[in-house]
Amino acid sequence: MAKQAREVAVPVKGTNSVEMRAQYGANSFLLLFLNLASSLTVSKETLTLDANQQHALRYEKIVMNCRTPFLNLREHKRFQWYQNNKFIKETEDGSLTIGNAKHSDEASYRCELRMSYRKWVSNNLTITVSERFAKPVLTVGPAAEVFEGVPITLTCIVRAARPSVQLQYSFYRENAALEAEHHHGAVYTINAAAANFSGNYVCEVIETVHSLRKRSNSIHISVKQRFAKPVLRVEPAEVFEGLEFTLTCTVLAAWPSVQLHYSFYRDSVALQTAPDHGSVYTINSAAANLSGNYTCEAINTVYGLMKRSNSIHISVKQAFAIPMLTVHPEGQLFDGQRIKMVCGIEEYPSQASLWYRFYRNEVPLQSPSDHSDYISESARPTDSGIPVSKPELIIQPRKDLIEGDPGYLICSVSNGSLPIYYQFYNSSSVELYGELSNNTELVYNIGPISRSDEGLYHCSVRNEVTGPQHSEDIEIAVIVPVTDAVLIFFINGTEIQSGDRLVLRCRVREGTKPQFVWYRDNTPLRNGSASYHVTADGGELVIHSFQRDDVGRYHCAAINKGANHTIFNVTSDYIEFTLRARGYSKEIVASLLPVLLLAGLIVLWYYFHWRDTGNSTADLVYSEVTIKKRTEAGKDLFSSILRMYEMGLWEISGGKSIVFSSDGKKDSKTDPDDYCIAYATVDLSEPSQEEDGGDGNVYMNIPRK
């Protein structure tokens, strides 16, 4: 009606001006009346309130829109929003946004539109906010009480509000996180329960997007023992040399049918046991070298259970002290004089029966007997002399010798009748040198040390009284300084494709136990980066995916150490690796050719369609001519692209960047990362005379952003 009133108010030619003013006044009054009537009307159907998430999840975004048919009105609009009939805010665009929904946002909403003296009221819209996922529930299978060796499965059950809610799971025992490799999603598996697995378990569900965490109630899991920790006993309590002692491994089992095998250890080294693996181990004759820490182990092979006892230290005591030989009379003897020798024992804790034997120059004088003395009725000159002691061999200046340094072997004795014959041997027991000397030590000069001198050495001594006495073996280690470090890589060229794997190896011509240090642009590379790693021996650097940050000059250094903190090092040559730029030629050609082909087919179809209709009007002639020209232009452009491809000006090479210079050739000096080819939309329309026959296409190099 308002529109009709405005139409009536328009003056008409030939009408009297008085009548025109009367007509205009009547229409204006009618329009004012209609507007006043509409302003007094309050309608609940003219505004519609809706929301993108009426039933939202916690932290979701809610957008409410107050839709009205009065958007074309030019008057300034004000939308007033109410939550549970309480005014909350005013907007101009008819929308209300709740960024992160929470439970306090649950309410009934409405909007009102106010313009001058008019008001419209929307419908009420109830918004609900639900939790994204419920509190998890932890279940245990097969049961919360199990025996050792039985597998246990923990399942974390949680109900998510929507399938799109992504959840992660963690499991805890006594608030300590369990190892991640044993759980897959909501299930955690313990392959074989052990007694120390007993405790309170919980599972935790995490939604990382909104940092939501919820834990289940705890469940107590009790793992019962199939058998107790074994106890080791030794009899007798005191062990003496030469006497028998017994080890017994005692185990308390949950029921008699539990089958156990037993093993015994001395200083963590397994003792040889009988095939039946019984619980008793007997040592028939104790010796001093059998002293140590003993343990026993009980094994249940069915469930793979192994338990060890606490260790017991067994000290094998001497049955008697080292005997002392005394001669009567003391001092100088005369030929034919009577001699009495007594073998005395000061300490005799075992009270075992002792037998005695006397020797001269390692030759027994009589058979063993229970007599502790030996009497020679007539001494002879051949009975004199001092046996030579066991020799000691040392290396000078040290055991670890650098190749080329001088080295010496020194063989010495503490006592013995002179002269003494010395001999030096290598690890193959080949005599290196021998000499009769009137000194208690002899020095053997090895000379400048070489790698062939590495190995074990010993010496022997003897005199007229005593046969050969051998020293302990001693080892010479030769350190070879590192030389000639070389950097090796296994690809053609130093230009690396982005994402390729690069392996570099550092090799030395020679050197004892070299250590390696890697550098990029003279900065040391630390092993611990996510983009590369250094192998355990340090000789190999692996870059997993070559990127721009990996570009630079690489070299390696090899280091080893000699004596007295001497350090040897060598450095390889530098090799610079660059990043091969990625190209877009293939993508441009691949995307442009189908478009050109499709455009050509459409033009040809129109051409033949109009020709077959038989129309001879001027419009048809014009259309046919236009289509023909456009078809020829399309063919020329398509042919040009094919010629560029055949001539190599438009190269298709997987991942290679092609940059065109002004003469249409590849410019190897231009940085492919600085520019790219830009192409405008292809225009197949007929060129005008003013355009000098240009094809309307734009080709240009633009900086890459």
Side-chain angles (χ1 to χ4, degrees), residues 231-250 263-274 280-296 309-328 330 339-376 385-394 412-417 458-463 465-474:
V231 176
L232 180 64
R233 294 183 176 85
V234 57
E235 294 180 357
E238 286 189 315
V239 180
F240 290 95
E241 291 177 310
L243 300 182
E244 178 183 280
F245 67 95
T246 301
L247 303 174
T248 303
C249 195
T250 304
S263 298
F264 295 84
Y265 299 84
R266 180 179 68 247
D267 296 331
S268 299
V269 178
L271 302 177
Q272 187 175 0
T273 57
V280 178
Y281 185 84
T282 301
I283 297 176
N284 296 322
S285 179
N289 61 350
L290 297 181
S291 297
N293 296 312
Y294 286 76
T295 58
C296 71
S309 68
N310 293 332
S311 64
I312 293 180
H313 183 74
I314 297 177
S315 178
V316 179
K317 300 178 180 179
Q318 292 182 342
F320 52 89
I322 297 175
M324 296 184 61
L325 180 64
T326 58
V327 179
H328 303 280
E330 296 180 357
I339 303 172
K340 180 180 181 181
M341 291 177 285
V342 178
C343 189
I345 305 295
E346 293 184 357
E347 297 182 13
Y348 188 25
S350 66
Q351 301 300 317
S353 298
L354 299 180
W355 290 70
Y356 301 87
R357 173 179 283 180
F358 292 84
Y359 297 83
R360 182 180 67 232
N361 296 334
E362 304 296 331
V363 177
L365 298 176
Q366 99 288 19
S367 299
S369 69
D370 56 355
H371 297 291
S372 61
D373 56 359
Y374 174 79
I375 298 175
S376 174
I386 299 174
V388 68
S389 63
K390 182 178 180 178
E392 180 185 8
L393 181 65
I394 61 174
S412 61
V413 296
S414 59
N415 54 55
S417 299
H458 72 276
C459 68
S460 70
V461 294
R462 68 176 185 268
N463 61 7
V465 180
T466 310
Q469 300 284 330
H470 295 272
S471 70
E472 300 291 340
D473 286 338
I474 190 169

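Start at 1 with the first residue, then count along the sequence. Quick caveat: nothing in here was measured; it's all calculated off a predicted structure.
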Can you name the nearest heavy-atom pair linking [X] to [Y], along with the distance?
| X | Y | result |
| --- | --- | --- |
| Val316 | Ala286 | CG1-CB, 3.8 Å |
| Cys343 | Pro323 | SG-CB, 3.4 Å |
| Pro387 | Asn463 | C-ND2, 4.1 Å |
| Gln469 | Lys390 | CB-CA, 4.2 Å |
| Ile314 | Val239 | CG2-CG2, 4.0 Å |
| Arg233 | Thr250 | NH1-OG1, 3.1 Å |

- Task: Step by step, work out the side chain to side chain contact (heavy atoms under 4.5 Å, CB included) result for Leu232 and Val234.
- Result: CA-CA 7 Å; Leu232 180 64; Val234 57; over 6 Å; no
Within a strict 4.5 Å, meaning less than it, do heavy atoms of the [X] and [Y] side chains meet?
| X | Y | value |
| --- | --- | --- |
| Ile345 | Tyr356 | yes |
| Glu392 | Ser471 | no |
| Gln366 | Phe358 | yes |

Would you compute the distance between atom [atom1] of [X] and atom [atom2] of [Y] and round it to the nearest 0.5 angstrom?
| X | Y | atom1 | atom2 | result |
| --- | --- | --- | --- | --- |
| Leu247 | Thr295 | CG | OG1 | 10.0 Å |
| Asn293 | Arg266 | CG | CZ | 10.5 Å |
| Leu354 | Ser369 | CG | OG | 11.5 Å |
| Glu241 | Leu290 | CD | CG | 9.5 Å |
| Trp355 | Ser372 | CH2 | OG | 13.0 Å |
| Thr246 | Asn284 | OG1 | CG | 8.5 Å |

- Short side-chain to backbone donor-acceptor contact, Tyr374 and Arg357, under 3.5 Å: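 Absent.
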- Task: Keeping the roles fixed (side chain from Ser460, backbone from Pro468), state whether a donor-acceptor pair exists under 3.5 Å.
- Result: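 Checking the backbone N and O of Pro468 against the side chain of Ser460, no donor-acceptor pair under 3.5 Å is found.
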- Flag if over 12 foreign heavy atoms under 6.0 Å of CD, Glu244: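 Yes - once you tally the heavy atoms of other residues, nucleotides and ligands closer than 6.0 Å, there are more than 12.
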- Task: Evaluate whether atom CD of Glu235 has more than 12 neighbouring non-hydrogen atoms of other residues, nucleotides or ligands under 6.0 angstrom away.
- Result: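 No, the 6.0 Å shell around CD holds no more than 12 heavy atoms from other groups.
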